[in-house]
Trainee: 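Sharing a structure here in structure tokens format.
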Amino acid sequence: MQPLDTPYDVIIAGAGPVGLFLACELRLGGASVLVLEQAPDPRSRLKGLPFGLRGLSVPTIESLDRRDLLKEIEACAASKDTNAAAHWMQQQRRPAGHFAGIQFFHDQIDSARWPFRLPGPVGSLAVDMASIETVFAERADTLGVEIRRGCGVEAVDASDAGVSVRTAGGTFDGRWLVGCDGGRSTVRKAAGFRFIGTDPEFTGYSVEAELADAAELKPGRHYTAAGMYTFAAPGTIAMVDFDGGACHRTEPTRQHIETVLRKVSGIDATVNVVHIAATWTDRAYQVTDYRRGRVLLAGDAAHIHSPLGGQGLNLGLGDAMNLGWKLAATIRDGAPNDLLDSYGRERHPVGAQILDWSRAQVAIMRPSPSSRALETIIRDLIETRDGATYFAERVWGVGLRYDLGASHPLVGRSVPNFQLLDGARVNAHLRAGRGLLLDFEGNASLQALAVRCNSRIDYVAENCRARSETSAALVRPDGVVAWACDGIPDVEAAARVATQWCGEPDDAR
């Protein structure tokens, strides 16, 4: 254990999936990491099935595969039969996702319209939060991350030189602090981040209960004159009451849940026993900047929105994947001065888009004639091949692309997981969290560039089975293509891009 008088490279507030994944990314980059978590016990019934069920998007699945975590996550999902816990999976057609409860299906989607991706199955993976946290915590422990539970952040003192974090268990010093401590983030408030957005229109409820007359409620999702509810027998209920968020953060009693259920469903249902009950809202807020000096934010600490469509976890894990290697490179020295600021430049627009996606779903759910009319139009649209493909691209995250200032269709996107002729796949070459120069045609000048950047970029000179016209690609540690070319490579352009995110070549230092 690191002595208290020795600063950690990074202190992370919050040992949820985002904080743990970020800790792993930082350790891959060689940073020392302390994770502080307020809860003394990571276990919670809300993290298990059914309410802890989350759908992992395409970018998340690719990130997990690049860090050799995907097989463990898939094994957890299989062992708990998450498909059985998802009531929407009990259909003849295979559902691919939904928008405000309006489903689209795999047999409608035309993935050929995504030429920047390899042919093959695309989709999401359902897994519970408890499994995700367990896998991430085990990896963090293996990598040497220190995790202190029951040690929530109480105060933050930040300066140009570093940060000091006070907790009930003592004061800890670090060079950097990252708040991954949720929607009510203490770090965000203490560091003075500006948090703006739209206030809630409803209170949402997630309930596991025993009902006297469960047969009266129809399974599935239903819009009503007073709101919306979803029911799965024998007693799993999600419902939305458009009360302006008045009942959020209150302890919902059995009687209150029964009252809201009757109001929203229009059925005189009787709730005998409540086993689990949690509330949530559609409040949508985002910080204006993801960094203030030596304090950064990721996950729900940086942006909050309703859980409609299950985008929140994926958005937070994307933050962690983007930030981890950049902060580690900054700590190691030699990174460009503005590399860390590119975290906010790249992730803020992604977060803003998700918040608007959430708000659009709320607009359809309102109990009003105009919203019911809009719902009808969306249902017609989503039933078309073009419509289903569009919604799949958004919900699955397939269309994610950072603006890196280049026109090549791969630049700014996730590198395709090409299968090389030696049998390996590209993702396997990203396990160590380093950059990657793919040279499909064995260009001697590219090889020389790789030698110059050897301490930060791995070089792979191997052709692959299907790569379209691409002859070479420079891939960042997070798997995003920073430079690519078709035909004869412009090595000087590749060198300029490499300098932008990993500093001057070794021989220029």
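Only a predicted model underlies this, so the values are computations on that prediction, with no experimental measurement involved.
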Trainee: Looking at Glu462, I want to see if its CD is surrounded by more than 12 non-hydrogen atoms of other residues, nucleotides or ligands under 6.0 Å.
Mentor: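 It does: Glu462 CD has more than 12 such atoms within range.
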Trainee: Mind checking whether His98 and Trp396 have ring centres under 6.0 Å apart?
Mentor: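 They do not qualify: ring centres at least 6.0 Å apart.
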Trainee: How far does CZ of Arg345 sit from CG of Leu404, to the nearest 0.5 angstrom?
Mentor: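 Rounded to the nearest 0.5 Å, the CZ-CG separation comes out at 10.0 Å.
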Trainee: In terms of side-chain heavy atoms, does Thr279 have a donor or acceptor partner in Arg249 at a distance below 3.5 Å?
Mentor: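 No, because no side-chain N or O of Thr279 sits under 3.5 Å from a partner of the opposite role on Arg249.
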Trainee: Run the salt bridge (charged side-chain N to carboxylate O under 4.0 Å, His left out) test on Glu37 and Arg148 for me, step by step, so that the C-alpha distance in whole Å, both residues' side-chain angles and the decisive distance to 0.1 Å come before the verdict.
Mentor: CA-CA 6 Å; Glu37 169 56 43; Arg148 297 199 180 200; over 6 Å; no
Trainee: Are the side chain of Asp181 and the backbone N or O of Val187 linked by a donor-acceptor pair below 3.5 Å?
Mentor: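 A pair under 3.5 Å: yes.
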Trainee: What do you reckon, are the aromatic ring centroids of Trp357 and Phe99 less than 6.0 Å apart?
Mentor: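 Centroid separation for Trp357 and Phe99: below 6.0 Å.
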Trainee: For the side chain of Glu441 and the backbone of Asn443, is there at least one donor-acceptor N/O pair under 3.5 Å apart?
Mentor: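 Not a single qualifying donor-acceptor pair exists.
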Trainee: Quick check on Asp338: does its CG atom have over 12 non-hydrogen neighbours (other residues, nucleotides or ligands) under 6.0 Å away?
Mentor: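 More than 12 heavy atoms, drawn from other residues, nucleotides or ligands, come within 6.0 Å of this atom.
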Trainee: With a 6.0 Å cut-off on ring centres, are Trp280 and Phe202 close enough?
Mentor: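 Centroid distance Trp280-Phe202: below 6.0 Å, so yes.
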Trainee: Determine whether the side chains of Asp199 and Tyr285 contain a donor N or O and an acceptor N or O closer than 3.5 Å.
Mentor: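 Side-chain D/A pair, Asp199 to Tyr285: present.
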Trainee: For Ser206 and Phe51: C-alpha separation, side-chain torsions, deciding distance, then whether side chain to side chain contact (heavy atoms under 4.5 Å, CB included) applies.
Mentor: CA-CA 7 Å; Ser206 297; Phe51 297 120; 3.6 Å; yes
Trainee: Do Ser414 and Glu62 have a side chain donor and acceptor closer than 3.5 Å?
Mentor: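 The answer is yes; a qualifying pair exists.
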Trainee: Are side-chain N/O atoms of Tyr8 and Asp173 paired as donor and acceptor at under 3.5 Å?
Mentor: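 Side-chain D/A pair, Tyr8 to Asp173: absent.
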Trainee: For atom CD1 of Ile488, decide whether the heavy atoms of other residues, nucleotides or ligands shown that lie under 6.0 angstrom number more than 12.
Mentor: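 Counting other residues, nucleotides and ligands, CD1 of Ile488 stays at 12 neighbours or fewer.
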Trainee: Compute whether any side-chain donor of one residue and acceptor of the other, for Thr60 and Asn314, lie under 3.5 angstrom apart.
Mentor: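 Indeed, the side chains of Thr60 and Asn314 share at least one donor-acceptor pair under 3.5 Å.
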Trainee: Are Arg188 and Phe193 in a cation-pi setup, meaning NZ or CZ lies under 6.0 angstrom from the ring centre and within 45 degrees of the ring axis?
Mentor: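 Because its charged atom misses either the 6.0 Å distance or the 45° angle limit, Arg188 does not stack over Phe193.
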Trainee: Checking side-chain polar atoms at under 3.5 Å, does Asp486 have a donor or acceptor matched by the opposite partner on His408?
Mentor: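 Per modelled atom types, Asp486 and His408 side chains form a pair under 3.5 Å.
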Trainee: Classify the side-chain pair Glu393/Trp114 by whether it contains a donor and acceptor separated by less than 3.5 Å.
Mentor: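 On atom types as modelled, these side chains qualify, holding a pair under 3.5 Å.
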Trainee: Above 12 or not: heavy atoms from other molecules or residues under 6.0 Å from CZ of Arg292?
Mentor: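 Result for CZ/Arg292: open.
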Trainee: Could you walk me through whether Glu346 and Arg476 pass the salt bridge (charged side-chain N to carboxylate O under 4.0 Å, His left out) check?
Mentor: CA-CA 14 Å; Glu346 292 177 3; Arg476 305 188 324 190; 3.0 Å; yes
Trainee: Under a 3.5 Å cutoff, is there a donor and acceptor pairing between the side chains of Asn427 and Arg66?
Mentor: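 The criterion, which ignores hydrogens and geometry beyond distance, is satisfied for Arg66 and Asn427.
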Trainee: Ignoring hydrogens and geometry, is there a side-chain-to-backbone donor-acceptor pair from Arg175 to Arg294 under 3.5 Å?
Mentor: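 Looks like no, no N/O pair under 3.5 Å.
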Trainee: For Tyr343 and Asp319, run side chain to side chain contact (heavy atoms under 4.5 Å, CB included): C-alpha distance rounded to whole Å, both residues' side-chain angles, the deciding distance at 0.1 Å, then the answer.
Mentor: CA-CA 8 Å; Tyr343 163 60; Asp319 292 344; 3.6 Å; yes
Trainee: With side chain to side chain contact (heavy atoms under 4.5 Å, CB included) as the test, would you mind laying out the steps for Leu125 and Leu64 before giving the verdict?
Mentor: CA-CA 11 Å; Leu125 171 67; Leu64 294 174; 5.8 Å; no
Trainee: Apply salt bridge (charged side-chain N to carboxylate O under 4.0 Å, His left out) to residues Asp341 and Arg291 and explain how you reach the verdict.
Mentor: CA-CA 7 Å; Asp341 289 330; Arg291 175 189 175 190; 2.9 Å; yes
Trainee: With rounding to the nearest 0.5 Å, note down the distance linking CZ in Arg347 to CG in Leu315.
Mentor: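 The distance works out to 5.5 Å.
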Trainee: Test your reading of the model: is there a side-chain donor-acceptor pair from Asp68 to the backbone of Arg431, 3.5 Å cut-off?
Mentor: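 Judged by distance alone, no pair lies under 3.5 Å.
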Trainee: Can you check whether Leu446's main-chain N or O pairs, donor with acceptor, with Asp439's side chain at less than 3.5 Å?
Mentor: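 Pair absent, no side-chain N/O of Asp439 close to backbone of Leu446.
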Trainee: List the steps, then state whether side chain to side chain contact (heavy atoms under 4.5 Å, CB included) holds for Leu70 with Ile61.
Mentor: CA-CA 7 Å; Leu70 182 58; Ile61 292 170; 3.9 Å; yes
